[in-house]
S.K.: 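Structure incoming, see below.
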Amino acid sequence: MTLTDREKILLPMMMSAFVTPFTGSALTLSLPDIGLAYGVSANELGWVLEIFLLASIVFLLPMGKMADRFGKRRIFLLGTTLFTLSSALCAVMPDMGFLLVARALQGLAASMMYATNMSIVALCFPTTQRGRALGWMVSMVYVGLACGPVLGGLLNYYAGWQSIFLSITLVSLACTCATLRYLHQEWREQEVTGVDGRGALLYGLAMIFAMFGLSELAELSWAWSLLLLGMVLLGAFLWHECRTKDPILPVFMLVENRVFSLSNLTAMIDYSATFAISFLLSIYLQSVLGLSSREAGLMMLIQPVIMALIAPTAGKLSDKYPPAKIAAFGMAVTALGILGLVAAVRLQSLWLVVPVVIVIGVGCAFFAAPNNNAIMGSVAKRHYSLATAMIGTVRLVGQVVSVAIVTMVLSLDWDSLTEMEELVYNIEISFIVFTVLCAIGVFPSWAARLKKGDGNVG
């Protein structure tokens with residue numbers, strides 16, 4: 001069986017969707033060894049993950065505009081090339097400072113891929129097949145998340161943490177080669193003549209202050225002031241975008257395009273409610289139920305595997321039925337699943353965790369690809385890069401919010417409880433907060449249903 005031209009183009013897009021989440025999840029188990037190699041504290045090690053996330057958020061929207069200006073293929077190819085080089089650099093850096101610089105370059109490269117891969121898929125596939133193609137991309141994200149801890153742990157154990165970066169280098173190099181071989185068309189928007197440097201600067205500063213402040217709320221007393229400054233700068237960015245000729249973010253789309261704005265809002269709520277679940281489960285399974293790291297790891301594989309298996313089918317369904325309705329259904333199922341985790345924690349039942357995690361996996365799978373399809377289908381083709389960049393931005397912001405929620409809740413101190421009782425109670429509170437968030441997210445998702453006269457006009 002030979003690959004069709006569309007499938008050949010989808011191949012490097014799927015590889016890019018795999019390698020970025022794999023990078024983050026694979027490194028988690030190697031952080032202690034990286035700390036020993038460079039002689040740094042646990043707090044400093046956190047920046048190995050955070051600097052990548054922050055750089056990706058800062059550059060995502062500007063890269064979407066750059067893709068319109070200079071071509072989506074060109075920016076995607078530059079991103080895969082830079083990701084290959086920066087991954088190789090991470091394996092040979094002499095100290096922690098240089099490693100963080102290389103990780104920031106990885107984040108920049110990831111933003112180039114985030115801002116273009118989904119828009120290229122949307123341009124290459126007709127609307128009757130777009131959801132299925134996006135489903136395969138979502139599936140590869142979950143495969144990356146599932147494989148990361150397993151393969152990363154094995155590589156770290158047998159070949160050292162540098163081998164993780166070298167394996168990432170090989171995958172991203174293969175993605176670059178596939179791009180050179182299969183992508184020949186350059187997608188550019190002729191009417192885009194500028195990049196809006198002032199808007200990019202305001203956006204970057206706003207994201208740096210807001211995301212850093214949000215992530216450090218539980219640790220630094222002055223983090224609130226950074227978060228507030230970030231929000232003020234974000235307001236200045238939106239004010240500037242309303243008045244500039246060629247904005248990075250056309251604010252009118254957020255106001256006038258109900259499907260686009262509500263679907264992006266729902267995506268941010270979903271990631272805020274689900275991203276930190278695996279972190280909480282890891283603590284709960286090992287510290288409370290007494291499972292080994294190996295047993296806990298196998299339990300935590302269930303959700304991403306279910307998501308990877310179901311996402312293509314969910315995406316295909318969104319080609320036949322209103323994608324926002326399917327996404328709302330997925331969000332509701334996810335809320336029920338997280339509510340089940342509240343019961344599992346309360347009862348301290350291991351056997352209840354398994355079916356509940358399966359339910360969460362089904363819900364997340366039925367949300368992600370259809371919601372992405374709803375967003376891409378709500379805009380004209382000339383805005384595909386913007387839509388792709390927005391999807392990546394709200395996903396990453398949601399991840400930061402999710403971790404911030406967990407950090408703040410776990411820091412709560414209850415004088416009347418023992419240390420273990422306090423941990424269980426705080427995990428339960430976190431899952432209750434996530435349940436409420438998912439339940440709230442059902443409403444904007446359902447309201448984002450495409451009505452006649454809405455959506456893609458180009």
Side-chain angles (χ1 to χ4, degrees), residues 17 20-21 24-25 28 49 53 135 137-146 148-149 214-215 263-285 299-311 314 326-345 353-372 375 391-410 427-445:
T20 44
S25 60
T28 304
L49 300 178
L53 193 62
M137 290 189 64
V138 169
S139 179
M140 292 307 296
V141 170
Y142 298 139
V143 169
L145 290 172
L214 185 62
S215 64
S263 295
N264 275 294
L265 173 62
T266 308
M268 188 168 69
I269 293 173
D270 178 77
Y271 287 108
S272 298
T274 59
F275 179 72
I277 288 177
S278 60
F279 171 71
L280 289 172
L281 272 181
S282 176
I283 295 175
Y284 174 70
L285 293 173
M299 289 281 291
M300 290 168 60
L301 274 177
I302 296 173
Q303 181 184 332
V305 167
I306 292 293
M307 293 155 71
L309 291 173
I310 296 178
I326 299 174
F329 166 76
M331 182 73 91
V333 172
T334 303
L336 290 175
I338 302 176
L339 184 61
L341 282 180
V342 176
V345 172
V353 171
V354 176
V356 162
V357 167
I358 292 174
V359 171
I360 294 174
V362 171
C364 289
F366 272 94
F367 172 79
N371 192 70
N372 290 348
I375 292 173
I391 290 171
T393 300
V394 297
R395 178 176 68 244
L396 295 173
V397 170
Q399 291 174 2
V400 174
V401 171
S402 189
V403 173
I405 291 172
V406 168
T407 303
M408 286 188 289
V409 173
L410 291 182
I427 290 175
E428 186 179 338
I429 291 174
S430 298
F431 284 139
I432 290 173
V433 172
F434 290 160
T435 302
V436 172
L437 278 175
C438 271
I440 292 172
V442 172
F443 296 100
S445 183

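This structure is a prediction, so every number in the text was calculated from the model and none was measured. In this chain, numbering begins with 1 at the start of the sequence shown.
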S.K.: Mind checking the OH-CG spacing from Y271 to L396? Nearest 0.5 Å is all I need.
M.R.: 9.5 Å
S.K.: Just by modelled atom types, is the L309 backbone N or O under 3.5 Å from a matching donor or acceptor in the Y142 side chain?
M.R.: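 Side chain of Y142 to backbone of L309: no pair is present.
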S.K.: Within the 4.5 Å heavy-atom criterion, are T266 and F443 side-chain neighbours or not?
M.R.: no
S.K.: Can you list the residues that meet the side-chain hydrogen bond (donor to acceptor under 3.5 Å, both in side chains) rule with E428, with sequence neighbours excluded?
M.R.: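 Checked E428 against side-chain hydrogen bond (donor to acceptor under 3.5 Å, both in side chains); matches are R346.
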S.K.: Rounded to the nearest 0.5 Å, what separates atom CG in L437 from atom CE in M268?
M.R.: 10.0 Å
S.K.: Which value, rounded to the nearest 0.5 Å, describes the distance between I302 atom CD1 and L281 atom CG?
M.R.: 10.0 Å
S.K.: Taking it one step at a time, do I277 and V357 satisfy side chain to side chain contact (heavy atoms under 4.5 Å, CB included)?
M.R.: CA-CA 10 Å; I277 288 177; V357 167; over 6 Å; no
S.K.: Which side-chain N or O atoms in residues 332-339 pair as donor and acceptor under 3.5 Å with protein atoms at least two apart or in another chain?
M.R.:
{"residue": "T334", "atom": "OG1", "partner": "G330", "partner atom": "O", "Å": "2.8"}
{"residue": "T334", "atom": "OG1", "partner": "C364", "partner atom": "N", "Å": "3.3"}

S.K.: Taking all atoms of both residues into account, what is the closest heavy-atom pair of V409 and S430, and its distance?
M.R.: CG1-OG, 3.2 Å
S.K.: Closest approach of S402 and A276, non-hydrogen atoms and distance?
M.R.: OG-N, 3.0 Å
S.K.: I427 and L410: side chain to side chain contact (heavy atoms under 4.5 Å, CB included), yes or no, with the steps?
M.R.: CA-CA 7 Å; I427 290 175; L410 291 182; 4.3 Å; yes
S.K.: Please give me the minimum heavy-atom distance between V353 and A344, naming the atom from each residue.
M.R.: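 What the structure gives for the nearest pair is CG2-CB, 4.0 Å.
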S.K.: Just jot down the ring-ring contact (aromatic ring centres under 6.0 Å, His included) partners of F366, sequence neighbours excluded, or say none.
M.R.: F329
S.K.: Tell me the closest heavy-atom pair linking A311 and A365, and the distance in Å.
M.R.: N-CB, 3.9 Å
S.K.: Give, for atom CG of L53 and atom CG of L49, the distance between the pair rounded to the nearest 0.5 Å.
M.R.: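 So the CG of L53 and the CG of L49 are separated by 9.0 Å.
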S.K.: So how far is it from L285 CG to S278 OG, rounded to the nearest 0.5 Å?
M.R.: 11.0 Å
S.K.: Given the rule in the side chain to side chain contact (heavy atoms under 4.5 Å, CB included) test, do F434 and V406 qualify, once you have shown the distances and angles that lead to the verdict?
M.R.: CA-CA 10 Å; F434 290 160; V406 168; 3.6 Å; yes
S.K.: Which pair of heavy atoms, one from N371 and one from S263, lies closest together, and at what distance?
M.R.: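 Distance-wise, the nearest heavy atoms are ND2-O, 3.1 Å.
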S.K.: Once you round to the nearest 0.5 Å, how far does CG of L214 lie from OG1 of T407?
M.R.: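 So the CG of L214 and the OG1 of T407 are separated by 9.0 Å.
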S.K.: Which atom names give the shortest non-hydrogen contact between S445 and A327, and what distance separates them?
M.R.: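 Minimum heavy-atom separation between S445 and A327: OG-C, 3.5 Å.
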